[in-house]
Amino acid sequence: MKLLAAVDFSENSALAARAAARLAGALHAELHILHVEHLPTLALHPDAEPRAGETARRRSLLEALARELGHLSHGTVTSEVADGRADECILRTAETLAVPLVVIGAVGERASADWSLGSVAMRVLKGSPVPVLVVREERSLERWLESDGARLRVLVGADPRGDRTPPLDALDLLRGAGAIEVSAGHVYVPGDERLKLASDERERALSAELLASFPAGAIERARVLPGFGRVAGHLLDLAAAGSAALVVVG
């Protein structure tokens, strides 16, 4: 089995690659790291040559990173430099290698305070046929994998009245690395419940529906939260309240 990590030599992608290496080590899997250099001139003029030495420099950086990650994973790490659009190359490589998981940083070298998720990460998320782990920090994964008896707390965002629950394939993979504790989370729009008793009753009913929407034993508990506007922020509030280190959404 191989995992795929995409890097652009930014610190954000480096921490994602380190997380991927630790996970690969725990799963006894190989790690393949991919760097994509996009040279628009080559796309327009196939006979054109890249700047002298630039590709060699990037290959050297990638090989050095592969050696570092090999020490973390205690296993095989392979590397590849590709040319093209980053998201397209990442998705093509994932399909070619038949990986069960793609690991990527939330933002890359063009990080902006105006974006909570980079454009490449967003395109990979939307186009990937396999689960994508977007890494924002590595300490949670490190503590989980290196501490005896530690459990990774996971929140799965779901709608009990939706068409389907989020795919849980990634959780099956993570269970091979260590113990996990899974909760389901749902954000609902409050109605006219003016009494706390009515609100509590609605939340109990929603929690029961949420648990019933998953296969038996897949979820340990359900958490619901009232909220207006964008669901994402409320879902992160649920994750923080439950000290979840990983959020899973469809």
Closest contact, heavy atoms only, [X] versus [Y]:
X: Glu37; Y: Val81; value: OE2-CG1, 3.8 Å
X: Ala26; Y: Ala177; value: CB-CB, 3.8 Å
X: Leu210; Y: Arg223; value: CD2-O, 4.0 Å
X: Arg136; Y: Ala106; value: NH1-CB, 3.5 Å
X: Val189; Y: Arg202; value: O-NH1, 3.1 Å
X: Ile180; Y: Leu171; value: CD1-O, 3.9 Å

Contact check, side chains of [X] and [Y], non-hydrogen atoms, under 4.5 Å:
X: Phe214; Y: Val182; value: no
X: Pro100; Y: Leu3; value: yes
X: His28; Y: Met1; value: no
X: Leu246; Y: Trp144; value: no
X: Val135; Y: Leu141; value: no

Listing, residues 86-94 side-chain donor-acceptor contacts under 3.5 Å, not counting sequence neighbours, or none:
{"from": "Thr93", "atom 1": "OG1", "to": "Cys89", "atom 2": "O", "distance (Å)": "2.8"}

[atom1]/[X] to [atom2]/[Y] distance, rounded to the nearest 0.5 angstrom?
X: His71; Y: Leu69; atom1: NE2; atom2: CG; result: 10.0 Å
X: Ser147; Y: Leu152; atom1: OG; atom2: CG; result: 11.5 Å
X: Ser13; Y: Ile104; atom1: OG; atom2: CD1; result: 9.0 Å
X: Leu101; Y: Leu27; atom1: CG; atom2: CG; result: 8.5 Å
X: Leu133; Y: Leu4; atom1: CG; atom2: CG; result: 12.0 Å
X: Arg58; Y: Asp8; atom1: CZ; atom2: CG; result: 9.5 Å

Partners meeting ring pair (Phe, Tyr, Trp, His ring centres under 6.0 Å) with His35 (sequence neighbours left out)
Phe9
Lys/Arg-Asp/Glu bridge criterion (N-O < 4.0 Å) met for Glu11, Arg18:
yes
In residues 123-130, what donor-acceptor pairs under 3.5 Å come from side-chain atoms, sequence neighbours left out?
{"from": "Ser128", "atom 1": "OG", "to": "Val130", "atom 2": "N", "distance (Å)": "3.1"}
{"from": "Ser128", "atom 1": "OG", "to": "Val130", "atom 2": "O", "distance (Å)": "2.7"}

How would you list, by chain and number, every residue that makes a side chain to side chain contact (heavy atoms under 4.5 Å, CB included) with [X], sequence neighbours excluded?
X: Ala5; result: Ala20, Leu31, Ile33, Val103
X: Asp237; result: Leu225, His234
X: Glu181; result: Arg151, Arg153, Glu220, Arg221
X: Thr78; result: His32, Thr76

State which residues pass side-chain hydrogen bond (donor to acceptor under 3.5 Å, both in side chains) with [X]; sequence neighbours excluded, sorted by chain then number.
X: Arg22; result: Glu138
X: Glu95; result: none
X: Glu30; result: none

Under the salt bridge (Lys or Arg N to Asp or Glu O under 4.0 Å) rule, collect the residues that match up with Glu63, sequence neighbours excluded.
none
Going by salt bridge (Lys or Arg N to Asp or Glu O under 4.0 Å), name the residues that satisfy it together with Arg57, two or more places apart in sequence or in a different chain.
Glu54
Ignoring hydrogens and angles, state whether a donor on the side chain of Ser10 or Asn12 is under 3.5 Å from an acceptor on the partner side chain.
no
